[in-house]
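Working notes for the structure below.
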Amino acid sequence: MSVLGALEKIDAHLFTGPYFRLDADNKKASQTFETAARARKMYPRAVVVGNVRPGVVAVDVDLDDDDAAEAILYQLRTWCEDYAAWHTTRRSGGGTGRWHFIAIPPAGQAVQLEELANALRDRSGYSGTDVDVRSTLRLLSSPHRKTGVIQALEDCPHELLAGLPRTVHPVVRRKSRPTTAVPAPDTDATLTRAQWAAFRSSPKLATRSHTEFEICRRLKGHGASPEAVWNALMTARSRSDIGHAKERNYAWFLINMWRKIRLVPASKEQRKGGRRRPADGYDWAAWALPMSANVRRLWSVWDGRHARTVEHVAIIAADRIGRSSDGRAPLPLRDLMEDTGRDIKTISAALRSLVDVGLLERVSRFSYSADVSSASDVYALGKAYVAPQSLTPTPRSYTPRSALWLALGSSALSLLLTTLHAGTSLSLRTLASASHYSSTPLSTRQRKLITGLLTELAQRNVLVQDGSDAWRNSTKGAAVQPRAGLRMLAAIRIRIEHERAAFRALVESQRECWNETWMVQKEAALEVMKRRRRQRQIQWWESLSAEERQLRQRIWKDHWSNASVAERQARKEHLKKQRPTTTDWELAA
């Protein structure tokens with residue numbers, strides 16, 4: 001039995017109808033099929049998807065990071081080994097960190113394995129699309145829609161087929177509540193000015209669905225209605241990184257996105273990991289303030305402007321690393337460029353400075369891979385980083401990635417961090433000194449610059465002015481995002497999109513050139529090998545006696561005379577492949 005035949009038999013055990021196919025845009029075709037064979041017969045090269053049989057558990061891991069994906073798969077494999085459950089994994093074909101995991105647990109244990117997958121997802125802070133327990137999945141014998149290649153399993157298909165359990169025990173579930181009808185959205189509902197600002201400033205995440213979920217979470221926290229959010233997702237032209245919900249409908253959006261967002265009142269606080277955590281808003285005490293304190297402990301080695309830029313890059317890097325499951329995270333320069341608004345060379349210099357002082361450690365370097373869009377240097381916190389003992393949660397409506405800092409710069413962010421560290425009112429001179437303005441006293445230009453930044457932050461509900469020469473952090477009201485910052489963010493995103501598209505095109509063209517060069521070098525190496533082998537054959541033949549040669553010639557003539565036409569043709573083809581293209585074998589090295 002061929003490998004493909006084994007995969008088809010395994011598919012028949014794992015999946016059931018109705019089957020459907022995916023088109024080139026990864027959308028479900030309307031036509032369904034009772035059997036997978038029928039679908040393959042009508043569309044030989046189509047991507048066929050089947051329904052996972054009751055009792056079979058299928059998990060789609062989509063993390064864009066092999067190390068993070070392996071951490072999830074290791075736990076799932078360990079569970080299957082403990083319960084002696086049949087299981088296998090394969091790459092889903094979409095890039096690094098993307099896998100399909102399929103298992104057949106013992107009777108009554110399928111729900112437990114699903115709960116484990118969901119617990120691993122929640123514990124690591126991933127979304128429902130990052131680690132997804134699927135009810136439908138592409139068949140093991142079906143090719144990927146982009147590459148047209150059938151992904152190989154981590155195990156031998158024939159061994160998997162032989163080890164399949166004879167029966168699959170269905171999952172016993174409680175009856176679900178009856179679903180209510182979804183009302184049609186109000187077409188006149190729109191977002192407010194502040195909500196539109198939150199919509200535009202929401203960061204771009206790994207997938208479109210993850211990005212849209214984060215946008216909905218932010219807007220729900222700002223009091224937006226589901227109808228207004230739906231209309232924004234349908235009509236917005238400033239975000240080219242969304243469109244997942246638009247491919248579905250309003251009912252799908254309401255059930256699978258909006259109703260799954262749970263907001264806790266800001267007055268309540270939860271305990272997690274032995275530390276109090278704010279229920280709403282970005283907690284600056286989680287990673288931003290600890291990394292800022294570490295930078296300020298060492299930033300006397302840099303001049304003021306570079307030090308403040310290093311601080312901005314450092315707190316965003318610490319936030320990315322801190323949110324990862326394994327203490328390391330990729331830091332693409334263009335992602336940091338979108339987060340900070342700084343030039344890519346400035347960001348690169350800031351990262352080098354952080355590595356030099358030991359606050360960050362580069363654990364792996366960028367390398368050209370199959371998916372260059374997700375490849376970047378990976379960093380972890382360095383040995384010089386000192387974790388704080390305890391910090392009071394500091395939730396705020398703005399983040400280190402807000403468009404506010406794109407318009408005002410790292411100087412304004414350093415002034416804010418100074419007020420957060422102090423917790424009390426500070427004079428203009430104290431603020432300037434703690435924010436690495438080295439001139440004493442301040443020059444007229446510096447005083448005018450700092451006063452302007454403080455006034456702007458007060459107008460944006462970030463700071464509060466106490467008297468004529470004292471400032472403190474504000475805890476009331478949401479920060480107002482400036483239009484200039486939002487325009488800069490949109491321009492940066494467009495620029496990054498064009499640069500990455502050009503880079504991918506260049507790498508693809510170079511890869512084609514590399515493949516062509518490699519094929520030429522391969523043919524040349526094979527030719528050298530054929531020449532040397534033919535030379536050894538001639539030398540061996542000349543070393544035989546005349547009687548031995550005649551005997552061997554007679555045996556091969558008899559063999560040729562008794563061979564069929566097909567056998568003779570196969571022999572000719574074999575000799576043609578083994579012989580060099582030229583006859584100057586004596587000149588071969």
Side-chain angles (χ1 to χ4, degrees), residues 1-13 35-48 88 90-91 93 139-164 370 508-589:
M1 182 187 299
S2 65
V3 173
L4 181 59
L7 293 177
E8 291 176 352
K9 285 186 174 294
I10 296 174
D11 284 338
H13 203 79
T35 63
R38 178 66 176 171
R40 283 191 290 264
K41 183 177 180 181
M42 294 187 64
Y43 301 94
R45 298 183 180 180
V47 179
V48 182
T88 186
R90 70 166 178 188
R91 287 191 177 273
L139 303 186
L140 301 180
S141 59
S142 181
H144 190 267
R145 65 184 179 88
K146 289 184 178 180
T147 63
V149 176
I150 299 175
Q151 273 73 35
L153 301 178
E154 292 290 287
D155 310 281
C156 175
H158 293 90
E159 294 179 359
L160 290 174
L161 180 60
L164 275 173
E508 187 62 29
S509 63
Q510 289 180 345
R511 184 177 288 115
E512 294 176 358
C513 180
W514 295 335
N515 291 339
E516 183 178 352
T517 304
W518 182 83
M519 290 299 298
V520 172
Q521 294 174 348
K522 176 184 175 182
E523 293 298 330
L526 289 175
E527 182 68 17
V528 172
M529 182 184 69
K530 292 176 181 179
R531 289 185 178 187
R532 292 177 178 176
R533 180 171 55 204
R534 185 54 182 163
Q535 186 178 20
R536 288 194 300 269
Q537 290 174 349
I538 293 175
Q539 292 174 354
W540 170 80
W541 180 257
E542 291 177 349
S543 66
L544 299 177
S545 61
E547 294 80 4
E548 182 70 17
R549 292 180 188 177
Q550 292 177 0
L551 176 61
R552 290 178 179 272
Q553 287 174 345
R554 186 166 58 254
I555 292 173
W556 276 106
K557 284 181 180 179
D558 294 341
H559 177 75
W560 183 263
S561 300
N562 297 326
S564 63
V565 176
E567 291 174 340
R568 291 181 180 181
Q569 184 64 27
R571 181 62 181 172
K572 289 180 180 179
E573 292 294 332
H574 175 73
L575 292 176
K576 183 178 180 181
K577 291 181 180 179
Q578 297 295 319
R579 296 287 175 85
T581 56
T582 58
T583 57
D584 54 342
W585 306 310
E586 292 78 9
L587 300 179

Residues at least two apart in sequence or cross-chain that pass side-chain hydrogen bond (donor to acceptor under 3.5 Å, both in side chains) with Gln521, listed by chain then number, are none
Output side-chain donor-acceptor pairs under 3.5 Å for residues 550-557, partner residues at least two apart or in another chain, one line each.
{"from": "Arg552", "atom 1": "NE", "to": "Glu548", "atom 2": "OE2", "distance (Å)": "2.9"}
{"from": "Arg552", "atom 1": "NH2", "to": "Glu548", "atom 2": "OE2", "distance (Å)": "3.3"}

For Pro580 against Arg531, the heavy-atom pair lying closest together | CB-CG, 3.8 Å
With Ala570, which residues qualify under side-chain contact (heavy atoms from CB on, under 4.5 Å), at least two apart?
-> none
Taking only residues two or more places apart in sequence or in another chain, which ones pass side-chain contact (heavy atoms from CB on, under 4.5 Å) with Glu542?
-> Ile538, Arg549
With sequence neighbours left out, write down each residue that passes side-chain hydrogen bond (donor to acceptor under 3.5 Å, both in side chains) with Gln537, or none if nothing qualifies.
-> Arg534
In short, Leu7 meets Leu140 closest at the heavy-atom pair CD1-O, 3.8 Å
All side-chain contact (heavy atoms from CB on, under 4.5 Å) counterparts of Ala36, not counting sequence neighbours = Tyr19, Arg40, Leu139
Closest approach of Ser142 to Val48 (non-hydrogen atoms, all atoms of both residues) = OG-N, 2.9 Å
For Glu573 and Lys577, what are the C-alpha separation, side-chain angles and deciding distance, and is it a salt bridge (Lys or Arg N to Asp or Glu O under 4.0 Å)?
-> CA-CA 6 Å; Glu573 292 294 332; Lys577 291 181 180 179; 5.9 Å; no
Report yes or no: does Glu8 contribute a side-chain atom to a donor-acceptor pair with the main-chain N or O of Ser141 at less than 3.5 Å?
-> no
With sequence neighbours excluded, what pairs up with Arg568 under the side-chain contact (heavy atoms from CB on, under 4.5 Å) test?
-> Trp560, Ala563
With side-chain contact (heavy atoms from CB on, under 4.5 Å) as the test, would you mind laying out the steps for Arg532 and Arg536 before giving the verdict?
-> CA-CA 6 Å; Arg532 292 177 178 176; Arg536 288 194 300 269; 3.9 Å; yes
Set of side-chain hydrogen bond (donor to acceptor under 3.5 Å, both in side chains) partners for Arg533, sequence neighbours left out = Gln578
